[in-house]
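Read the numbers this way: they start at 1 and go in the same order the structure lists the ligands and their atoms.
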Amino acid sequence: MEINVLAKNDAIARDNRAWLRRRDVLALNLMSSPGSGKTTLLERTLSQLPGPVAVIEGDQETSLDASRIRRTGAPVVQVNTGAGCHLDASLVASALSSLAPPPGSVVFVENVGNLVCPAMFDLGERRKVVVISVTEGTDKPLKYPYMFAAADLVIVNKIDLLPYVDFDVDLCAKHARSVNPDLTVLPLSATTGAGLDAWYAWIAAQ
Ligand code: MG
Ligand code: ZN
């Protein structure tokens, strides 16, 4: 059954990818545990990028994060998954058609906070970004290797809290590269803005 579900998802993801390419839209899939700071990072990022932006907000319930994003002025669609614990390609397909992003847009997909099954569901995005924060364990990449193996970029958020927590950025990066040697790791703070220039440069390079 799982193989069937994933095969169906992959077919829709391929359609999404073709749709995005035809429209010259860059889609980034942001994944993390709950509370890593994805929405805060997006609030800050949306106001800094030069071109058109849009957001697909995935949460099990509520439109709280979409309301936060809407206040930045960016177009946003909230997708509630109910009992579901990840976004899939068909949910993203409907969200994309209602957003109708103009050519040259960057669409951020904020996945449901979960480091397990979002790794298995291709949404048709160009890149997968994993956000972890220094309030989590340094060993997260070893505990959730599928997520880190699937990722293109790892953001280590909340570095402003490093003096108060037991988190080793270099060791975490080493763990992440042990499951995926090609990973780019960017330490930053969405609150203070430290490291954000490297994030914007990474987006521009995609
Ligand atoms: Mg959020
Ligand atoms: Zn799930």
* Asked: For the Zn ion (ligand 2), what is the closest N, O or S atom on H86?
  -> ND1

* **Heteroatom of D65 nearest to the Mg ion (ligand 1) (N, O or S, atom name)** => OD2

* State whether a side-chain donor-acceptor pair under 3.5 Å links S33 with K140. => yes

* N/O/S from D59 sitting under 2.8 Å away from the Mg ion (ligand 1) -> no

* Asked: Would you call the rings of H86 and F121 parallel, tilted or perpendicular, where under 30° means parallel and over 60° means perpendicular?
  -> parallel

* **the Mg ion (ligand 1) to nearest N/O/S of E110 below 2.8 Å** => yes

* If you have a sec, read the angle at the Zn ion (ligand 2) from C117 atom SG over to C85 atom SG, to 10 degrees. => 110°

* Asked: Got a salt bridge between D122 and R17, using NZ or NE/NH1/NH2 to carboxylate O under 4.0 Å?
  -> yes

* Is the side chain of N111 donor-acceptor paired with the backbone N or O of L30 at a distance under 3.5 Å, no angle test? -> no

* Asked: Any side-chain donor paired with an acceptor under 3.5 Å for D160 and S189?
  -> yes

